[in-house]
Amino acid sequence: MSGEEQVARLGALVGELHRLLRRSAAGRAHRVVLPEAQVELLLLVRAEPGISGKEAARRLGTAPNTISTLVGDLVDAGLLDRERDPADRRVIRLRLTEAAHARMADHARHRTALLTDALATLDPAARDAVLAAVPHLDALLTALRR
C-alpha cells in the first residue's frame, strides 16, 4: 500500500471509528443519536461557554441562520441555554444546560467502555501500539485545527 493509500485509509478509519462510536454509545445509553451539526455546536459551547451565536457560526464555518436553527432545536431539547448579552442586547450568548453536561458525560462513559472492551480483544502488542499512537493522533488533531 502506498503512502497516499495509507493516508486515505487513515482518514476512512478515523471517520468510521467516529461514526460507530457515536451510534454505539448512544445505543448503550438508550438515546437517539444527535445530528453531527448539533454535536459540533455542543462541543464548541462546552469548550467556550458564553460564545456568541455569530462567533459559533464563524468557528463552525456555517451560516448564522443555520446556527440559529441548531440553537433553537437544542434549546427545545433542553440542552442549550441562550441569553442576551447584557452589554449588547443584539448578541446571543450560548451555554450548556446541566442536562447537556450530564448527557455528554454519559456519552463519554459509554464511549470509553466501548473502546475498553474493543481494545481488550486485541493482542497485547496491537493494543499497546494503538494506545502508543494516541499522543501522535493528538498532535495530528492539533495540526488539522490550524
Side-chain angles (χ1 to χ4, degrees), residues 3-122 127-146:
E4 188 174 312
E5 290 170 328
Q6 286 180 307
V7 170
R9 183 69 183 136
L10 173 63
L13 284 170
V14 168
E16 184 59 23
L17 279 168
H18 170 71
R19 286 185 294 280
L20 185 58
L21 282 170
R22 280 188 68 227
R23 289 191 307 267
S24 298
R28 282 177 61 123
H30 306 292
R31 291 201 167 117
V32 174
V33 178
L34 292 175
E36 186 72 25
Q38 289 183 1
V39 172
E40 286 186 34
L41 180 55
L42 289 171
L43 290 170
L44 177 60
V45 173
R46 181 176 68 181
E48 296 193 33
I51 190 170
S52 71
K54 182 178 180 179
E55 178 62 11
R58 187 190 71 72
R59 295 278 300 282
L60 295 175
T62 189
N65 64 328
T66 300
I67 291 296
S68 181
T69 300
L70 292 172
V71 167
D73 291 345
L74 289 166
V75 167
D76 291 347
L79 299 174
L80 202 59
D81 282 331
R82 65 180 158 205
E83 55 197 39
R84 296 270 177 204
D85 186 316
D88 184 347
R89 305 291 293 161
R90 297 170 296 175
V91 176
I92 298 292
R93 298 285 173 193
L94 305 173
R95 297 190 191 288
L96 297 183
T97 64
E98 286 305 313
H101 283 289
R103 181 181 178 127
M104 293 170 89
D106 190 47
H107 179 81
R109 278 191 301 279
H110 287 292
R111 185 182 60 226
T112 298
L114 286 162
L115 284 167
T116 299
D117 292 347
L119 285 165
T121 68
L122 300 179
R127 183 175 46 251
D128 291 346
V130 170
L131 294 175
V134 170
H136 306 293
L137 291 170
D138 230 353
L140 181 60
L141 179 61
T142 299
L144 287 169
R145 282 184 174 145
R146 289 188 206 126

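Heavy atoms only: backbone and side chains are in, while hydrogens, waters and symmetry mates are out.
Other residues, nucleotides and ligands place no more than 12 heavy atoms under 6.0 Å from the CD atom of Glu98. For CZ of Arg31, the number of neighbouring non-hydrogen atoms (other residues, nucleotides, ligands) closer than 6.0 Å is greater than 12.
In this structure, the side chains of Leu60 and Ile67 come closer than 4.5 Å at one or more pairs of heavy atoms. Taking 4.5 Å as the limit, some side-chain heavy atom of Arg103 sits within range of a side-chain heavy atom of Leu79. Proximity of His107 to His110: side-chain heavy atoms (C-beta onward) are nowhere separated by under 4.5 Å. Using a 4.5 Å cut-off on side-chain heavy atoms (C-beta onward), Leu74 and Leu41 make contact. Side-chain contact between Val91 and Arg84 is absent, with no heavy atoms from C-beta onward closer than 4.5 Å. Within the 4.5 Å cutoff, the side chain of Val71 has heavy atoms near those of the Leu94 side chain. Glu4 is not listed as a side-chain neighbour of Val7, based on a closest heavy-atom distance of 4.5 Å or more. For the pair Thr62/Leu70, no side-chain contact is recorded, criterion being any heavy-atom separation below 4.5 Å from C-beta on.
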task: Applying side-chain contact (heavy atoms from CB on, under 4.5 Å), run through Asp85 and Ile92 and close with a yes or a no.
output: CA-CA 6 Å; Asp85 186 316; Ile92 298 292; over 6 Å; no
- request: Kindly determine whether Leu80 and Val45 satisfy side-chain contact (heavy atoms from CB on, under 4.5 Å), including the steps that lead there.
  value: CA-CA 9 Å; Leu80 202 59; Val45 173; 3.9 Å; yes
Working for side-chain contact (heavy atoms from CB on, under 4.5 Å), residues Leu34 and Leu42: CA-CA 10 Å; Leu34 292 175; Leu42 289 171; 3.8 Å; yes
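Taken to the nearest 0.5 Å, the CG atom of Leu17 stands 9.5 Å off from the CZ atom of Arg19. Here the CG-CD distance, from Leu21 to Glu16, works out to 9.5 Å after rounding to the nearest 0.5 Å. The distance from atom CZ of Arg95 to atom CD of Glu48, rounded to the nearest 0.5 Å, is 11.5 Å. In this structure, Leu20 CG and Leu13 CG are separated by 11.5 Å, a value rounded to the nearest 0.5 Å. Taken from CZ in Arg59 to NZ in Lys54, the straight-line distance is 15.0 Å, to the nearest 0.5 Å.
Closest approach of Val33 to Ala26, counting heavy atoms only: CG2-CB, 3.5 Å. Shortest non-hydrogen contact noted between Ser24 and Leu114 is CB-CD1, 3.5 Å.
Using a distance-only test at 3.5 Å, with no hydrogens or angles considered, no donor-acceptor pair links the side chain of Ser68 to the main chain of Pro64. Side-chain N or O atoms of Thr121 include one that pairs as donor or acceptor with a backbone N or O of Ala118 at under 3.5 Å. The backbone N or O of Arg93 sits nowhere less than 3.5 Å from a side-chain atom of Ser52 that would complete a donor-acceptor pair. Under the 3.5 Å distance criterion, the side-chain polar atoms of Arg127 are matched with a main-chain donor or acceptor of Leu119.
With respect to Arg109 and Asp106, a salt bridge is recorded, a charged nitrogen being found less than 4.0 Å from a carboxylate O. A salt bridge between Arg22 and Glu36 is present, with a side-chain N of the basic residue lying under 4.0 Å from a carboxylate O of the acidic one.
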